[in-house]
Amino acid sequence: MLRTYRTVVRYFSDFWGRSEPPTVVEECKFRIMEHIHELNLPSSVSKRDVDKIKVLFQKQCAVLANYDVVVAEFNIGDAVYRSLHFHNDRSTYNCTVQSLVNTHSQLHSIELEYLRGMMYSLPIAFVYNNNSFSDMTALVLGCGAGVLPSVLSTIQGIKQINTVEIEPEVVHCARKYFGYQDRANLKIITEDAIEYLKTCKMTYSLIVLDAYENSELPNSILSSFCEFLQSVRACLTDAGVVAGNIIYYDAAALETELKRWKSVFPNLTLLQINKNQMLVFASIIDLFDSDKKCQELVSQAIHSITTTDAVPLSASLVSDLRTVTK
């Protein structure tokens, strides 16, 4: 927390003594700089080369009324990036980064660390689906820029990817500014994830929980999280995998969160992203009777996935997947 505090002080010291608060562009830049270390930048490019930040879109959410949806664009060297933010001008220092993409490689541009970690669900789902993607179905709760479902839709064998997003302005931005396109096996459903799960008639091989309003899940989900996870489980195939994201600030909070997950899903595989963030991969059945067996099977799956043309992942993402098992 000390590093973050110093960063905040260093940034906002530029605005102390002036009457007006930071502009949306200034807040977006600050948040972007928090994530700049996650980008796959050439060694010749300095992190200080972020410039020409401009807001392409800003509009109050239709459903999430406390927030504006903001799309920013900026340059790093010759590359052009776009970022999606939720901004709340009624709260100080509240402009989170929801998505971040390189516009020159949008389809495979998974720049945020936790989203690259979410792709670790691919080899786990691959193992649980008899070492195959054949006839798999995927559900993504939360659209963002639409990058994750777009990547999933390119993988041969995954027959359907549905994305549920409550906020229509987010869907609009994904389509207009981030290159998301519906395909035969890819569609967005504009609906509350809680209501969708209650009435869902499909079962899915992979369910990704990415329905974040700010840096955490909405209160409507958090207030009855175990019940929400039960609804997720009801939509999961017997051999399915659920991927989720836990943000925590002390060991007790992490323990409480994991207990809630374990009350619904007996088997958890964990991936530490940073000191305050952990990814959870949950399942009903357990193929990994030990950490060593998990490492072995997932390593084999990653080798299969990253050496076949049927899974056209970017070189940087292939590297990230291979790294997590080392």
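- Under the side chain to side chain contact (heavy atoms under 4.5 Å, CB included) criterion, Ala62 pairs with Glu167, Pro168, sequence neighbours left out.
- For Arg260 and Glu257, the salt-bridge test passes: some basic side-chain N is under 4.0 Å from an acidic carboxylate O.
- Asn185 is linked by a side chain to side chain donor-acceptor pair (under 3.5 Å) to nothing, counting only residues two or more places apart in sequence or in another chain.
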Atom pairs and distances, side-chain donor-acceptor, residues 201-209, under 3.5 Å, sequence neighbours left out:
unit_1: Tyr204; atom_1: OH; unit_2: Asn162; atom_2: ND2; d: 2.9
unit_1: Tyr204; atom_1: OH; unit_2: Tyr196; atom_2: OH; d: 2.6
unit_1: Ser205; atom_1: OG; unit_2: Thr137; atom_2: N; d: 3.2

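- The aromatic rings of Tyr67 and Phe86 are tilted relative to each other, their planes meeting at an angle between 30° and 60°.
- For the side chain to side chain contact (heavy atoms under 4.5 Å, CB included) test, no residue two or more places apart in sequence or in another chain qualifies with Asp238.
- Using a 3.5 Å distance cut-off with no hydrogens or angles, the side chains of Arg183 and Ser153 do pair a donor with an acceptor.
- Inspection of the Asp182 and Tyr180 side chains reveals an N or O donor paired with an N or O acceptor under 3.5 Å.
- Side chains of Glu165 and Thr163: no donor on one and acceptor on the other come within 3.5 Å.
- More than 12 heavy atoms of other residues, nucleotides or ligands shown are found within 6.0 angstrom of CD on Glu191.
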Output side-chain donor-acceptor pairs under 3.5 Å for residues 265-273, partner residues at least two apart or in another chain, one line each.
unit_1: Asn267; atom_1: ND2; unit_2: Ile284; atom_2: O; d: 2.9
unit_1: Asn267; atom_1: ND2; unit_2: Ile285; atom_2: O; d: 3.2
unit_1: Gln272; atom_1: NE2; unit_2: Tyr248; atom_2: OH; d: 2.7
unit_1: Gln272; atom_1: NE2; unit_2: Asn274; atom_2: O; d: 2.6
unit_1: Gln272; atom_1: NE2; unit_2: Gln277; atom_2: O; d: 3.2

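- For the side chain to side chain contact (heavy atoms under 4.5 Å, CB included) test, residues two or more places apart in sequence or in another chain that qualify with Lys176 are His172.
- For the pair Asp68 and Asn88, the minimum side-chain heavy-atom distance is 4.5 Å or more.
- For the pair Ile302/Tyr120, a side-chain contact is recorded, criterion being any heavy-atom separation below 4.5 Å from C-beta on.
- Here the closest heavy-atom approach between residue Leu197 and residue Phe228 is recorded as CD1-CE1, 3.5 Å.
- Salt-bridge annotation for Arg31 and Glu34: present, with a side-chain N of the basic residue lying under 4.0 Å from a carboxylate O of the acidic one.
- Counting all heavy atoms, side chain and backbone alike, His104 lies closest to Ala79 at CD2-CA, 4.1 Å.
- With contacts defined as side-chain heavy-atom distances shorter than 4.5 Å, the pair Leu148/Met119 qualifies.
- Counting non-hydrogen atoms of other residues, nucleotides and ligands closer than 6.0 Å to CG of Asp250 gives a total above 12.
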